[in-house]
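Along the sequence shown, residues carry numbers from 1. All values below come from the heavy atoms of this structure, side chains included, with hydrogens, waters and symmetry mates left out.
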Amino acid sequence: MSTALLQRLGLAHPIIQAPMAGTSTVTMAAAASNAGALGSLALGACSVTQAREALAQLHALTDKPFNVNFFCHQPAVLDGARDAAWIAHLQGHLDEFGGSIKLPLKEIYRSFVVDTEMQQLVLELPPAVVSFHFGLPQAGVIQALKNAGVFLMATATSLEEARLIEAAGVDAIVAQGIEAGGHRGIFDEHKDEEIGTFALVRLLSTHCRLPVIAAGGIMDGAGIAAALQLGAQAVQLGTAFLLTRESGANAAYRNLLKSSRAHHTRVTAAISGRRARGIVNRFMEEIDISTANRLPAYPAAYDAAKQLHALASARDVHEFGAHWAGQGAALIRDGYTVGELVHLLVQEWRAQA
C-alpha cells in the first residue's frame, strides 16, 4: 500500500503510534519510527527544558520522521471559589488517605496557543511532524511551522472541526472516534458529538480534501484493514502500545490493562476537567456523580486529581489515577517491544488483504 500521506512522510507502514502524555516515551516513539511507522511523543505536559531534551534524544535515537504533539486548549480561567467547592467535594476521599490538596490549584499544562517559548523551540528543532489536540494555534504559528517544512496534523471529532482544520492550512486530520482512550480532542469542551471512529472516517474522507487518519478502538490488523477500507490513509493506535516494554505505564496501570477491568471504560471529565476515556475506577464511580460540585477548569482539575492520586498511591491504593484506555483495551497484547508489535500489526493487516 502506498498513499500520498505515506509518501509525504516517508513511512513504510500506515501506522502512527499515538502521542500519549505520561505513557508515550522517547524510546517508544523512536522504536515506532525505526520500525517504519510514525512514532509520536506528547510534549503538552512538558516544560520547554524537558521538551528540548526530549527532542534532542529523539533526534539521537532515530533518523526517521517522528511526531510531537501539543495541547491547544483555551488557557484556564482559574476561580478560587469554584476550586474550593470542588476540593470540598473530594474531602471524604482526602480524609480516607489522611491528606489535603494544596490551594490554589494550578494550570499545570500550558497551552501551546500561548506558549511562545515552546513555539520557538519547535521552530528551532523542527520535527518532521507536529500534531495538535483540543484545537489549533494561531494562523501565524501554523504558517511558520509550514515554512520550516513541518507536516501538520490536528485532531477532529466532528466534520465541523475537520473543516476548521482544513481551512487553517493543516496537512492531515486525525479522526478521533468516541472509542478512543485518553482525552477527547474536542475544540469546545462543552460540545462533543460522540461520533464513532468508522462513521467519522467515512464523513471526513467523503467531505474533506485532506488525508484522514483513523483513531479510536483500533487494536489489531483487522481494525487497520477496516479503517483503510473506509477511506483512512493511515491509522493511529495508542492503547495497543501501552503494554509494550517501552511504554511509560506503571505497574498498577499495566495490571489494570491485563485484568478483566479493561473490558470497562468510560468517558469522564471529573479527573482532568475535560472529557477523557479510561478504565472505570473509584474516581469515576465515587467522584464523578450527579451531585458533584462544578469542576475546576482544565487543567486545574487535573492538578487536584493528581494530588489525590498521589495521596492514595502512598497508601497503595491505585483507584484514583488517570488510567486512560480505549474501548478496545481488552484486545491489548502483552510482552512485545514496540518494534515487534508494529511488525505483528503489519502482518495481521496484510493477511486481511
Side-chain angles (χ1 to χ4, degrees), residues 1-20 23-42 58-59 61-69 127-131 150-155 171-177 179-181 197-198 201 204-205 210-247 326 328 331-353:
M1 175 184 174
S2 180
T3 66
L5 179 66
L6 267 63
Q7 291 173 7
R8 169 65 177 78
L9 294 178
L11 304 181
H13 312 304
I15 296 172
I16 298 172
Q17 164 258 312
M20 299 173 284
T23 49
S24 63
T25 62
V26 167
T27 53
M28 175 186 283
S33 290
N34 287 334
L38 181 68
S40 304
L41 184 67
L58 264 171
H59 281 296
L61 290 173
T62 184
D63 59 358
K64 305 293 185 184
F66 59 81
N67 166 44
V68 297
N69 178 260
V129 183
V130 168
S131 61
V150 178
F151 186 90
L152 301 180
M153 308 191 302
T155 299
D171 300 300
I173 305 167
V174 178
Q176 186 197 38
E179 302 94 327
T197 302
F198 287 168
V201 166
L204 304 195
S205 62
L210 297 180
V212 173
I213 297 153
I218 301 169
M219 298 290 291
D220 56 22
I224 294 171
L228 298 177
Q229 180 66 31
L230 290 172
Q233 289 200 20
V235 298
Q236 179 171 284
L237 292 79
T239 304
F241 287 95
L242 286 175
L243 288 182
T244 57
R245 295 178 204 169
E246 296 90 342
S247 166
L331 296 170
I332 198 166
R333 274 80 70 93
D334 189 20
Y336 291 93
T337 65
V338 167
E340 289 167 347
L341 182 56
V342 169
H343 180 68
L344 175 62
L345 290 167
V346 171
Q347 282 188 317
E348 291 174 343
W349 158 55
R350 287 177 174 162
Q352 301 292 317

Asks: Going from OG1 on Thr23 to CG on Leu242, what distance comes out if it is rounded to the nearest 0.5 angstrom?
Replies: 5.0 Å

Asks: Return the minimal non-hydrogen interatomic distance between Ser247 and Phe241, and the atom names on each side.
Replies: CB-O, 3.6 Å

Asks: Where is the tightest heavy-atom contact between Leu228 and Ala234, given as atom of each residue plus distance?
Replies: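 Smallest interatomic distance, heavy atoms only, reads CD2-N, 3.8 Å.
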
Asks: Which atom pair, heavy atoms only, marks the closest approach of Ala42 to Ser24?
Replies: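 Smallest interatomic distance, heavy atoms only, reads N-OG, 3.4 Å.
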
Asks: For a quick test of reading the model, state the closest non-hydrogen atom pair linking Ala4 to Gln233 and the distance between them.
Replies: N-OE1, 3.6 Å

Asks: Quick one: CD1 on Ile332 to CG on Leu237, what's the gap to the nearest 0.5 Å?
Replies: 10.5 Å

Asks: Once side chain to side chain contact (heavy atoms under 4.5 Å, CB included) is applied, do any residues pair with Leu11, and if so which ones, sequence neighbours excluded?
Replies: Leu6, Leu9, Leu38

Asks: Examine distances only and state if a side-chain atom of Thr197 and a backbone atom of Ala215 form a donor-acceptor pair shorter than 3.5 Å.
Replies: yes

Asks: Side-chain atoms of residues 334-346: list all donor-acceptor pairs with protein atoms under 3.5 Å, sequence neighbours left out, distances to 0.1 Å.
Replies:
residue, atom, partner, partner atom, Å
Thr337, OG1, Glu340, N, 3.1
Thr337, OG1, Glu340, OE1, 3.4
Glu340, OE1, Thr337, N, 2.9

Asks: Any pair with a residue in residues 342-353 that passes salt bridge (charged side-chain N to carboxylate O under 4.0 Å, His left out), sequence neighbours left out, goes on the list, sorted by first then second residue, please.
Replies: Arg333-Glu348

Asks: Are the side chain of Asn34 and the backbone N or O of Thr62 linked by a donor-acceptor pair below 3.5 Å?
Replies: no

Asks: Compare all side-chain heavy atoms of Pro14 with those of Trp349 and state whether any distance is below 4.5 angstrom.
Replies: yes

Asks: Are Phe66 and His59 side-chain neighbours, meaning at least one heavy-atom pair lies under 4.5 Å?
Replies: yes

Asks: Hey, is the main chain of Ala18 close enough, under 3.5 Å, to the side chain of Ser40 for a donor-acceptor pair?
Replies: no

Asks: So, Ser33 side chain and Gly39 main chain: donor-acceptor pair closer than 3.5 Å or not?
Replies: yes

Asks: Could you tell me if the side chain of Pro19 sits less than 4.5 Å from the side chain of Gln236, heavy atoms only?
Replies: yes

Asks: As an exercise, state the distance from CG of Asp171 to CZ of Phe151, rounded to the nearest 0.5 Å.
Replies: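 Atom-to-atom, Asp171:CG and Phe151:CZ are 4.5 Å apart.
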
Asks: Quick one: closest heavy-atom pair of Ile218 and Gly223, and the distance?
Replies: CG2-C, 3.7 Å

Asks: Indicate yes or no: at least one non-hydrogen side-chain atom of Val129 is less than 4.5 angstrom from one of Ile16.
Replies: no

Asks: Would you indicate whether the side-chain heavy atoms of Gln352 and Gln229 approach each other to under 4.5 Å?
Replies: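 Not touching, per the 4.5 Å side-chain cut-off.
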
Asks: How long is the straight-line distance from CD1 of Ile173 back to CG of Leu152, given to the nearest 0.5 Å?
Replies: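 The distance works out to 12.5 Å.
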
Asks: Taking Thr239 for the side chain and Gly326 for the main chain, is one N or O donor matched with an acceptor at less than 3.5 Å?
Replies: yes

Asks: Would you give the length of the straight line joining atom CG of Leu41 to atom CD of Gln17, rounded to the nearest 0.5 angstrom?
Replies: 8.0 Å

Asks: Might you point out which heavy atoms bring Ala175 and Val201 nearest each other, and give the distance in Å?
Replies: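 Scanning both residues, the minimum pair turns out to be CB-CG2, 4.2 Å.
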
